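A quick note: this is a predicted structure, and the numbers were derived from the prediction, not measured.
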Amino acid sequence: PTRRSSDLNVFNAKEKYAVSNEIKIEGTEEGQKSDEPKTYDWSIFTYEKNTAYDPAAAAAQMNDPDNPYTVDEYAFMDKTDEYDISDGAKFTYDPDSPGLTIRRMTLQPTMTYKFRLNINLPQVSGYSDITIITAGLAPRNGGLQCTPLEGAFNLARELKAPRWTADDLPLTYLFGYREFVNDAKVPLSAAPLSFDKLGVNNLPMGQAGESNYTLEIYVDISTPYGAVTNEIMEIKSFPPDNVSEAVSQLLAQTENMDPAQKLTALNNALSADAGNAETQNAILDQMQGTTVVSSGQLARSEEHTSELQSP
């Protein structure tokens, strides 16, 4: 009988995979397809010190060309019993389909795995292997700073994320704040930055009332392979002494901003003076023709436009 096999691929393939993300392996049957009933199961191997390797025997036979020591010091060791493929919290698979989803935090970081798809038919069996290398741990040991911590919404500040380390470099940094109305994360740059600080000329006003204008800011620190750590802190973002003057100055500055900065500034202006009809009209005028750079900003700009146009 002909040995059956399947071509295995990882969805959204990478050089290394962050263990904090799901990993999906997809199989495609090779050769002439058969209508015979078949089932699939998986074996899992890790590349590590070979338990069959004998250092003393290797040293003794090192210089013996007639009797070389042929056991590899490192090899793929069968760990199928340790990784319970039937555990739905760690894996998802269907015995009738050649696919496997590995849940986040199931694998160990900085490891080389081999996943073997076993194909079982009544008269024949076969298998296919795929190797997956996991990335290192997510960034750690750092912090988030804001200088100054308290001030008016239009006060210039510096956000900084110092001392972050990781196994995989370089790191990138995405600073932002969280809207208290819908709990949405709003980035302060169109893309992650390669440096750990960001100067901002304005932020939205914090939540009034008992929170006393508290605003939550954050930074997402990422490795090249998608391992992410999120750090948050609270600051105070108060109304300015002269709201109208501060909003007018901010709206005047938006002419020289890129689309991401402009939408953020307009949002901040609206947070400070939402009840002023002149401010609403000025923001509507500025929104016209503005290129929206992300789906999140698009949703917020459309939301604000709808609010401002409502009678």
Report yes or no: do [X] and [Y] belong to one cluster of Ile/Leu/Val/Met/Phe/Trp/Tyr joined by side chain heavy-atom distances under 4.5 Å?
{"X": "Val228", "Y": "Tyr173", "answer": "no"}
{"X": "Val10", "Y": "Tyr93", "answer": "yes"}
{"X": "Met233", "Y": "Val186", "answer": "yes"}
{"X": "Trp42", "Y": "Ile23", "answer": "yes"}
{"X": "Leu155", "Y": "Val200", "answer": "no"}

Trace of the side chain to side chain donor-acceptor pair (under 3.5 Å) decision for Asn202 with Asn154: CA-CA 4 Å; Asn202 55 84; Asn154 59 335; over 6 Å; no
Sub-4.5 Å side-chain heavy-atom contact between [X] and [Y]:
{"X": "Ser222", "Y": "Pro139", "value": "no"}
{"X": "Leu117", "Y": "Leu8", "value": "yes"}
{"X": "Ile217", "Y": "Phe175", "value": "no"}
{"X": "Thr214", "Y": "Gln207", "value": "no"}
{"X": "Ser237", "Y": "Pro204", "value": "no"}
{"X": "Asp64", "Y": "Tyr69", "value": "no"}
{"X": "Thr134", "Y": "Gln108", "value": "no"}
{"X": "Leu107", "Y": "Tyr17", "value": "no"}

Backbone of [Y] reached by a side-chain donor or acceptor of [X] within 3.5 Å:
{"X": "Trp164", "Y": "Asn141", "value": "no"}
{"X": "Thr229", "Y": "Arg140", "value": "no"}
{"X": "Asp168", "Y": "Gly136", "value": "yes"}
{"X": "Arg178", "Y": "Ile232", "value": "no"}
{"X": "Ser97", "Y": "Asp94", "value": "no"}
{"X": "Asp54", "Y": "Ala56", "value": "yes"}

Measuring from atom [atom1] of [X] to atom [atom2] of [Y], what distance do you get when rounded to the nearest 0.5 angstrom?
{"X": "Ile133", "Y": "Lys14", "atom1": "CD1", "atom2": "NZ", "answer": "14.0 Å"}
{"X": "Ser43", "Y": "Asp81", "atom1": "OG", "atom2": "CG", "answer": "9.5 Å"}
{"X": "Met205", "Y": "Tyr213", "atom1": "CE", "atom2": "OH", "answer": "5.5 Å"}
{"X": "Phe238", "Y": "Phe153", "atom1": "CZ", "atom2": "CZ", "answer": "14.0 Å"}
{"X": "Gln61", "Y": "Asp66", "atom1": "CD", "atom2": "CG", "answer": "11.5 Å"}
{"X": "Ile119", "Y": "Asp41", "atom1": "CD1", "atom2": "CG", "answer": "10.0 Å"}

Considering all heavy atoms of both residues, which atom of [X] and which atom of [Y] are nearest to each other, and what is their separation?
{"X": "Leu203", "Y": "Leu188", "value": "CD2-CD1, 4.0 Å"}
{"X": "Leu250", "Y": "Ala265", "value": "CD2-O, 3.5 Å"}
{"X": "Ser20", "Y": "Gly226", "value": "OG-O, 4.3 Å"}
{"X": "Cys146", "Y": "Pro148", "value": "SG-O, 3.3 Å"}
{"X": "Ala152", "Y": "Arg157", "value": "O-NH2, 3.4 Å"}
{"X": "Ala272", "Y": "Val243", "value": "O-CG1, 3.5 Å"}

Criterion salt bridge (Lys or Arg N to Asp or Glu O under 4.0 Å) on Lys236 and Glu150, from CA distance to verdict: CA-CA 5 Å; Lys236 299 293 185 181; Glu150 299 186 0; over 6 Å; no
Verdict with supporting geometry, Thr80 and Ile85, side-chain contact (heavy atoms from CB on, under 4.5 Å): CA-CA 8 Å; Thr80 305; Ile85 204 74; 6.0 Å; no
Qualifying residues under ring pair (Phe, Tyr, Trp, His ring centres under 6.0 Å), relative to Tyr83, sequence neighbours excluded: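 Checked Tyr83 against ring pair (Phe, Tyr, Trp, His ring centres under 6.0 Å); matches are Tyr113.
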For atom [atom1] of [X], is the number of surrounding heavy atoms from other residues, nucleotides or ligands below 6.0 Å larger than 12?
{"X": "Glu158", "atom1": "CD", "value": "yes"}
{"X": "Asn63", "atom1": "CG", "value": "no"}
{"X": "Lys114", "atom1": "NZ", "value": "yes"}

Residues Asp196 and Lys160 bridged, charged N to O under 4.0 Å: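 The answer is no: the pair does not qualify as a salt bridge.
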Listed partners of Thr110 passing side chain to side chain contact (heavy atoms under 4.5 Å, CB included), at least two apart: Asp167
Residues which pass side chain to side chain contact (heavy atoms under 4.5 Å, CB included) with Asn50, listed by chain and number, not counting sequence neighbours: Ala52, Tyr53, Val71, Ala75, Met77
Chi angles and distances behind the side chain to side chain donor-acceptor pair (under 3.5 Å) call for Asn182, Glu179: CA-CA 6 Å; Asn182 56 16; Glu179 289 186 332; 3.3 Å; yes
Evaluation steps, side-chain contact (heavy atoms from CB on, under 4.5 Å), between Tyr177 and Ile235: CA-CA 10 Å; Tyr177 65 89; Ile235 65 171; over 6 Å; no
side-chain contact (heavy atoms from CB on, under 4.5 Å) between Thr92 and Arg103, intermediate numbers included: CA-CA 8 Å; Thr92 299; Arg103 300 295 187 188; 2.6 Å; yes
Verdict with supporting geometry, Val19 and Met105, side-chain contact (heavy atoms from CB on, under 4.5 Å): CA-CA 5 Å; Val19 297; Met105 306 309 296; 4.3 Å; yes
